[in-house]
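Worksheet: the structure to be examined is printed underneath.
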Amino acid sequence: MTLTLETAVAARTRDPQALLNAVQPHVKYLPVNVADGGSLWEREIALLLRDNTMVHNMAERILGQAVAYTITTMEHKDVHLGVGKLVDIGVHQLILDTPVYFAMCDVYNDGAYRHHAPFIERRSDGLCLRTADFLRSDGWRVDDELWAIDGANCSPCDNKVPDSH
C-alpha cells in the first residue's frame with residue numbers, strides 16, 4: 001500500500017490597503033497632507049468621503065475593490081475587465097489623485113502610465129460579475145455585494161487605447 005501526502009497550498013489573499021500603502025515611497029510629488037503622517041489609504045478614504053455622500057465603511061469597501069481592480073488590470077493586461085458605477089467611484093478617485101496613481105503605475109505597471117479610456121455605453125453582458133470572479137481567482141477578497149449592485153452593467157474600457165483599463 002502506498003500513501004501519498006498532499007501538501008496544503010495556502011490561498012494567496014491580497015490586501016488592498018497594504019498594496020496601496022506600499023506605493024507611498026514611490027510618490028514623487030507629495031501633496032502636503034499625504035506627508036502629514038497619514039497613509040495613502042487614509043488619504044484616499046478622506047478624499048472619497050469629501051467628494052461623495054457615503055459612510056466611512058462604504059468608502060473603505062469601494063476603495064478596496066477599486067485598488068484590487070486597478071492593480072489587477074495592470075498585472076493582467078490581456079484580460080478584459082470592467083467595473084460598475086459603484087466601484088468605478090473608487091477607480092476614479094485613484095486616477096484623479098495623480099501623484100498616487102503615477103506611483104501605482106510605477107510599481108504595478110512596470111513604470112508605464114496605464115490609461116483609463118472608458119466606453120460611453122455600458123455593457124450589459126455580465127462583465128462586472130466575471131471581473132469579480134477573476135479578482136477572486138487572483139487572490140483578492142471580493143465584496144460580492146458591491147459587484148452585484150451593477151451585476152451585468154459595467155463600464156469597460158476601449159482596448160484599442162494602448163495600455164488602458
Side-chain angles (χ1 to χ4, degrees), residues 9-77 79 81-118 127-150 154-157 161 163-165:
V9 177
R12 172 177 79 154
T13 302
R14 304 180 78 185
D15 180 356
Q17 183 173 349
L19 291 170
L20 178 60
N21 286 337
V23 306
Q24 190 154 349
H26 302 273
V27 176
K28 293 179 178 121
Y29 306 102
L30 288 177
V32 174
N33 56 352
V34 171
D36 289 341
S39 69
L40 293 183
W41 178 264
E42 292 165 344
R43 173 181 170 74
E44 300 309 314
I45 294 296
L47 289 169
L48 278 169
L49 292 171
R50 181 195 75 186
D51 295 338
N52 299 277
T53 303
M54 65 178 72
V55 295
H56 195 273
N57 175 272
M58 182 58 79
E60 288 186 317
R61 291 171 64 191
I62 289 170
L63 183 61
Q65 297 303 287
V67 168
Y69 168 80
T70 302
I71 291 174
T72 301
T73 65
M74 291 177 179
E75 295 176 342
H76 300 279
K77 294 174 182 63
V79 179
L81 303 170
V83 295
K85 290 179 183 178
L86 194 54
V87 175
D88 210 21
I89 293 168
V91 172
H92 289 160
Q93 176 52 55
L94 292 170
I95 293 168
L96 288 172
D97 197 356
T98 58
V100 173
Y101 185 66
F102 277 44
M104 289 181 75
C105 291
D106 284 345
V107 173
Y108 300 112
N109 201 45
D110 301 320
Y113 180 74
R114 183 89 167 140
H115 293 277
H116 182 57
L127 183 60
C128 274
L129 298 176
R130 291 193 305 278
T131 296
D133 289 341
F134 188 82
L135 293 174
R136 188 177 287 107
S137 75
D138 196 42
W140 300 96
R141 282 194 184 95
V142 171
D143 190 329
D144 289 311
E145 187 177 37
L146 294 186
W147 290 92
I149 286 171
D150 293 302
C154 76
S155 171
C157 286
V161 175
D163 200 12
S164 68
H165 67 91

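Count residues from 1 along the sequence.
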Heavy-atom closest pair, residues Ala103 and Val23
CB-O, 3.8 Å
Got Val100 and Leu20 here, is their nearest side-chain heavy-atom distance under 4.5 Å?
yes
For Met74 and Asn109, work out which heavy atoms get closest and say how close.
O-OD1, 3.5 Å
Carefully, step by step, assess Met104 and Arg114 under the rule side-chain contact (heavy atoms from CB on, under 4.5 Å).
CA-CA 9 Å; Met104 289 181 75; Arg114 183 89 167 140; over 6 Å; no
Out of curiosity, Arg14 CZ to Thr72 OG1, how far, rounded to the nearest 0.5 Å?
6.0 Å
With side-chain contact (heavy atoms from CB on, under 4.5 Å) as the criterion, how do Leu94 and Leu63 come out once you've worked through the C-alpha distance, each side chain's angles and the decisive distance to 0.1 Å?
CA-CA 8 Å; Leu94 292 170; Leu63 183 61; 3.9 Å; yes
Value for OH (Tyr101) from CD1 (Ile95), rounded to nearest 0.5 Å, stands at 4.5 Å
Could you measure the distance from the OG1 atom of Thr13 to the CG atom of Asp138? Nearest 0.5 Å is fine.
11.0 Å
Geometric class of the Tyr69/Trp147 ring pair [parallel <30°, tilted 30-60°, perpendicular >60°]
tilted
First locate atom NE2 of His92, then atom CG of Leu48, and finally report the distance between them rounded to the nearest 0.5 Å.
12.0 Å
Any heavy-atom pair between the side chains of Met58 and Asn52 that's under 4.5 Å?
no
For Ala66 and Gly90, work out which heavy atoms get closest and say how close.
CB-C, 3.3 Å
Specify the closest pair of heavy atoms between Gly64 and Pro16, including all atoms of both residues, with the distance to one decimal.
O-CB, 3.6 Å
CD of Gln24 to CZ of Arg43: how many Å apart, nearest 0.5 Å?
10.0 Å
Electrostatic pair Arg130-Asp133, nearest N-O below 4.0 angstrom:
no
Using side-chain contact (heavy atoms from CB on, under 4.5 Å), reason through Asp106 and Lys28 one step at a time and then give a plain yes or no.
CA-CA 10 Å; Asp106 284 345; Lys28 293 179 178 121; 3.0 Å; yes
Trp41 backbone acceptor or donor facing Asn21 side chain under 3.5 Å
yes
What do the steps show when you test Val67 against Gln17 for side-chain contact (heavy atoms from CB on, under 4.5 Å), and what is the final call?
CA-CA 8 Å; Val67 168; Gln17 183 173 349; over 6 Å; no
How many angstroms lie between CD in Gln65 and CG in Asp144, if you round to the nearest 0.5 Å?
8.5 Å
To check you understand the geometry: which heavy-atom pair defines the closest contact between Val107 and His26, and what is its length?
CG2-CD2, 3.3 Å
For the residue pair Leu81 and Thr131, what are the closest heavy atoms and their distance?
CA-OG1, 3.5 Å
For the side chain of Thr73 and the backbone of Thr70, is there at least one donor-acceptor N/O pair under 3.5 Å apart?
yes
